[in-house]
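Heavy atoms only: backbone and side chains are in, while hydrogens, waters and symmetry mates are out. Below, read A as the first sequence line, B as the second, and so on, with proteins coming before strands; counting in each chain starts at 1.
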Protein chains: 2
Amino acid sequence: MSVSQPVRPPRRRAPRNSLNPDRILDAAVLLLDRDGPEAFTMRALAEQLGVGTMAVYSYFKGKDEINDAVAQRLLDTIELPPGGSADPGSELREVCRGVYRLFTEHPSALQLLTLRAVRGDDAIIVIDRMLGLLRRTGLAPDEAARAHIVLMQYTVGSALWRIRRERALCEEGARERLRAKLDALPAGRYPALAALAPELMCAQGEGTALYEAGLDAMLRGLLPVR
Amino acid sequence: MSVSQPVRPPRRRAPRNSLNPDRILDAAVLLLDRDGPEAFTMRALAEQLGVGTMAVYSYFKGKDEINDAVAQRLLDTIELPPGGSADPGSELREVCRGVYRLFTEHPSALQLLTLRAVRGDDAIIVIDRMLGLLRRTGLAPDEAARAHIVLMQYTVGSALWRIRRERALCEEGARERLRAKLDALPAGRYPALAALAPELMCAQGEGTALYEAGLDAMLRGLLPVR
DNA sequence: ACCTGAACACCGTTCAAGT
DNA sequence: ACCTGAACACCGTTCAAGT
């Protein structure tokens, strides 16, 4: 009787010593952005790298440490506008747009940020830049601090809302189900919603333009009138 | 040799037919709020109910359906202010505060909302109420729709930011580590951040007051001047 | 109809072993 | 030092069985 070979995963083995933290993080970002965070497993990561599951543990203590490192790396790629503009308000606007762009282009960054704990050294360059600009618009120290946090909260919430909606609409027949629900709305009980349903659907689809509308409103309300 | 009894989990069995969807959802909310979403497992839920793991499946198709039902139930508990006030702007403010309060009092609601897909019939009463008030302030239909979404985005982002921070600060020595990081900040490289560190820490701790500061700013920028 | 325990296919991680 | 496979303690869920 011939001894059958054990079933081997059809995986090209990477040569020894070809692994390193950077290659691991590249693969992690790829998987996260392509398949979403729930599909990001240590086994999938190793598979992507062409390596045994436990090889990654030689470079990172565990999954938490990888999540941390991915978040750090992504936050560092936020594109900032050139400094020294005459108008701190519009420069501030550009910084916020840069943060928003990262989160919508890398949905994984957002999900990671909602999962892992806050660290003191996240995106310090961005924070410093925003605080400086807020001070230059004439805000007092405590007002500038509050304005910064509130702007980041809106930016994160806006990106999260958008990602969630786009993920949901990808599902089979989601668009039709949503429309059917809106059409079946009892206009007597929810008059305003029934009347504004088309406008709501339209506004939801505006994406970045909608974010900017809210951002401009918030800046108008936050910054001193000049 | 005496036959040893199999190891039984020390769980009081609930009497037959005592289970129902409401009791299941009560237990789910309890676990979610007390131990956080990562500790909310089907096995823990059954244990809490004093029942075998699979009993819950007689009432819900699976965990997703339970998540959905919990989110629905929590969104329905949002407290709305009495209607018919003369000032739609301040009534709108109250509605937003109500939404914020739900999310900070039930962190689980927020986490569920970021996980599960958007459904058309989430908190319709709240949406209808907000849209009506926005129209009464004098906004055009498309402006009201945009304002509503943007206000919800800020509210969700603000609550998420706060929950995240409070969860992180619960961890052992987190406060000290954060302070150490802020003290070690190179003031030459990050002058604005180094100067405003105390104000930032203070503002982060303000909680609801900080949310309201941002909400008022956003409403100022959003609503027509009267 | 309501509820059970065993089993299956996953997951992150520990451990002893191989090069 | 770098990497491996087996094993452990989890997870959600399927299934056949019991009442």
Asker: If only side-chain N and O atoms of Y57(B) are considered, is one of them under 4.0 Å from the OP1 or OP2 phosphate oxygen of dT14(D)?
Answerer: no
Asker: Under the salt bridge (Lys or Arg N to Asp or Glu O under 4.0 Å) test, which residues partner E206(B), sequence neighbours left out?
Answerer: R146(A)
Asker: Just grab all the ring pair (Phe, Tyr, Trp, His ring centres under 6.0 Å) pairs involving residues 170-214 of chain A, residues at least two apart or on different chains.
Answerer: Y100(A)-Y211(A), Y154(A)-Y211(A)
Asker: Mind checking side chain to side chain contact (heavy atoms under 4.5 Å, CB included) for D26(B) and listing every partner two or more places apart, or none if nothing turns up?
Answerer: R73(B)
Asker: Find out whether V95(A) and L151(A) are in side-chain contact, i.e. whether some heavy atom of one side chain is under 4.5 Å from a heavy atom of the other.
Answerer: no
Asker: Could you list the residues that satisfy side chain to side chain contact (heavy atoms under 4.5 Å, CB included) with S18(B), not counting sequence neighbours?
Answerer: A14(B), P15(B), R23(B)
Asker: Enumerate all atom pairs, one protein N or O and one N or O from nucleotides 1-3 of chain C, separated by less than 3.5 Å.
Answerer:
{"unit_1": "dC2(C)", "atom_1": "O2", "unit_2": "R16(B)", "atom_2": "NH2", "d": "2.5"}
{"unit_1": "dC3(C)", "atom_1": "OP1", "unit_2": "N17(B)", "atom_2": "N", "d": "3.0"}
{"unit_1": "dC3(C)", "atom_1": "OP2", "unit_2": "Y59(B)", "atom_2": "OH", "d": "2.8"}

Asker: Just jot down the salt bridge (Lys or Arg N to Asp or Glu O under 4.0 Å) partners of E94(B), sequence neighbours excluded, or say none.
Answerer: R97(B)
Asker: Going by the rule salt bridge (Lys or Arg N to Asp or Glu O under 4.0 Å), which residues pair with E166(B) if we only count those two or more places apart in sequence or in a different chain?
Answerer: R162(B)
Asker: Between residues 32-44 of chain B and DNA chain D, which residues have a heavy-atom gap below 4.0 Å?
Answerer: F40(B), T41(B), M42(B), R43(B)
Asker: For DNA chain C, report each stem as range with range, ordered by first number, or say none. Use Watson-Crick or G-U wobble pairs under 3.5 Å, at least 3 in a row.
Answerer: C:4-8 with D:12-16, C:12-16 with D:4-8
Asker: Can you sort out the partners of A44(B) under side chain to side chain contact (heavy atoms under 4.5 Å, CB included), two or more places apart, ordered by chain and number?
Answerer: L31(B), T41(B)
Asker: Who pairs with Y57(B) by ring pair (Phe, Tyr, Trp, His ring centres under 6.0 Å), at least two apart in sequence or on another chain?
Answerer: none
Asker: Could you list all the salt bridge (Lys or Arg N to Asp or Glu O under 4.0 Å) pairs where at least one residue sits in residues 184-204 of chain A, not counting sequence neighbours?
Answerer: none
